[in-house]
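Reminder, nothing fancy here: chain letters follow the sequence lines and each chain counts from 1.
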Amino acid sequence: MIRVQEEDFDLGAELAKLTAGNAKVGGLAVFVGLVRDMAGAQDIGAMTLEHYPGMTEKMLTRVEAEANERWPLEASLIIHRVGRLEPGDQIVLVAAASAHREAAFEACQFLIDWLKTKAPFWKLEETGDGAKWVEARDSDDTATERWRAPKTGAAE
Amino acid sequence: MIRVQEEDFDLGAELAKLTAGNAKVGGLAVFVGLVRDMAGAQDIGAMTLEHYPGMTEKMLTRVEAEANERWPLEASLIIHRVGRLEPGDQIVLVAAASAHREAAFEACQFLIDWLKTKAPFWKLEETGDGAKWVEARDSDDTATERWRAPKTGAAE
Amino acid sequence: MKLLYFAWLKTKTGVAEEEVAPPPEVTTVAELLTWLQSRGPGHAEALSDLNALKVAVNQEYARPEDPVGPGDEVAFFPPVTGG
Amino acid sequence: MKLLYFAWLKTKTGVAEEEVAPPPEVTTVAELLTWLQSRGPGHAEALSDLNALKVAVNQEYARPEDPVGPGDEVAFFPPVTGG
């Protein structure tokens with residue numbers, strides 16, 4: 001399941017729902033992204049997440065389907081928040097459940113790597129010098145490269 | 001922090017405590033191991049986890065310290081249950097929080113790979129044919145091998 | 001044709017969304033970009049650095065040689081930074 | 001010397017814990033294993049397959065050539081299966 005929302009999410013409740021009643025799940029891998037109070041060298045107060053409504057949901061749905069094709073998942077979840085967020089706030093939740101931990105971990109990393117480089121979200125940070133758009137990290141592109149397979153449409 | 005306990009743990013509460021008040025955390029990677037109702041080809045009803053009291057705590061403490069030396073972690077947590085568990089029950093929680101997701105993921109995988117091959121826990125499964133000790137998986141040893149570094153004592 | 005601008009492309013062009021009717025010889029993303037750069041200094045500056053620019057046609061990532069037509073939704077944005 | 005047995009080693013030897021006083025020529029893990037195998041058929045069977053056996057001396061993993069002495073706690077168990 002994928003969700004794009006302004007509201008915060010209840011991490012424990014979301015994860016409990018994901019595996020509830022499915023005893024085929026042996027491993028659940030989870031990543032939570034949070035707003036840090038340091039971006040590069042400058043303290044930031046808060047940030048605003050902008051996105052491309054429509055394209056975001058379409059791409060998240062597609063990458064989740066791709067993860068489910070690549071790995072034998074019992075459940076998966078992507079929640080990404082938009083709007084104004086403060087340091088310590090949760091930004092994103094990615095989770096993958098499978099019979100074995102290797103598939104769960106790999107799918108979870110695939111989803112977050114992909115999301116960091118392809119999903120149309122942009123961070124506007126409030127710094128001491130005013131608002132500033134965050135620049136993309138090269139290391140994120142590198143992280144996504146390793147998942148590239150000839151067959152995949154979602155990774156393009 | 002490490003804990004070995006019979007009681008279940010509240011996943012959401014444990015994770016919330018782990019990052020509460022620390023806005024240096026940008027990423028939290030989590031693995032939860034659960035009792036599957038299928039082990040190999042046989043349905044299992046439940047299992048009992050035995051461990052080596054004393055050695056378990058000593059080794060978990062050491063591997064957590066090792067993870068904190070290898071990666072710049074803001075927080076880490078290992079909870080492992082012992083005693084009788086039923087399908088769907090949580091067995092283990094491993095979590096690592098860091099400024100960046102790469103360190104969080106790597107530390108989390110290091111901890112669970114290590115724990116699966118070195119921490120003195122043994123699973124006794126209740127199958128249709130009676131109780132049976134689970135055999136170790138070769139793939140777990142392979143997973144641990146990749147973390148081996150000349151300097152490490154914890155990996156020995 | 002509906003155009004959308006996100007993040008600093010919106011700031012630089014001064015618009016979030018606009019309806020345009022490019023001449024018929026504009027048939028690709030690359031030609032659309034060239035034509036848009038002539039619409040004013042904001043557009044020229046925002047759309048000049050092709051390395052820092054991503055384009056989506058009908059909500060799919062597009063390359064310079066990909067086709068665009070009158071009914072399309074075309075979005076311009078910088079490399080993404082979510083997650 | 002305190003000996004501990006876990007998982008199926010406990011089932012096969014029939015003991016979880018025992019105090020033993022090996023002769024003074026028993027100074028290594030390998031020698032202790034050989035001596036223990038002579039203590040009865042349960043011990044012989046449990047301790048025969050060295051590939052399936054892990055040994056810890058004073059709660060640290062030990063190799064066959066590692067020393068053991070009178071005050072030590074020595075544990076025998078199969079490859080671990082937690083997590």
Task: Portion of C/Lys54 that has a non-hydrogen atom of chain A nearer than 4.5 angstrom - done: neither

Open item on the list: Please check this pair: side chain of A/Trp122 against backbone of C/Gly82, looking for a donor-acceptor N/O pair closer than 3.5 Å.
Closed with: no

Task: Check: C/Gly83 main-chain N/O paired with A/His80 side-chain donor or acceptor under 3.5 Å - done: yes

Rounded to the nearest 0.5 Å, what separates atom [atom1] in [X] from atom [atom2] in [Y]?
| X | Y | atom1 | atom2 | result |
| --- | --- | --- | --- | --- |
| C/Thr81 | A/Lys116 | OG1 | NZ | 9.0 Å |
| A/Leu124 | C/Thr11 | CG | OG1 | 7.5 Å |
| A/Met59 | C/Glu60 | CE | CD | 6.0 Å |

Task: Proximal component of A/Lys123, with respect to chain C [non-hydrogen, under 4.5 Å] - done: both

Open item on the list: Can you tell me if C/Arg63 has over 12 outside heavy atoms packed within less than 6.0 Å of its CZ?
Closed with: no

Task: More than 12 heavy atoms of other groups within 6.0 Å of A/Glu135 CD - done: no

- [ ] Anything under 30° is parallel, anything over 60° is perpendicular, the rest tilted; go ahead and classify A/Tyr52 against C/Phe77.
- [x] perpendicular

Open item on the list: Could you go through A/Met55 and C/Tyr61, starting from their C-alpha distance and side-chain angles, then the distance that decides it, and tell me whether this counts as side-chain contact (heavy atoms from CB on, under 4.5 Å)?
Closed with: CA-CA 10 Å; A/Met55 183 173 175; C/Tyr61 280 105; 3.9 Å; yes

Task: Contact summary for A/His51 and C/Phe6, nearest pair of heavy atoms - done: O-CE2, 3.4 Å

- [ ] Mind running side-chain contact (heavy atoms from CB on, under 4.5 Å) on C/Val80 and A/Phe121 for me, showing each step along the way?
- [x] CA-CA 6 Å; C/Val80 305; A/Phe121 293 98; 5.6 Å; no

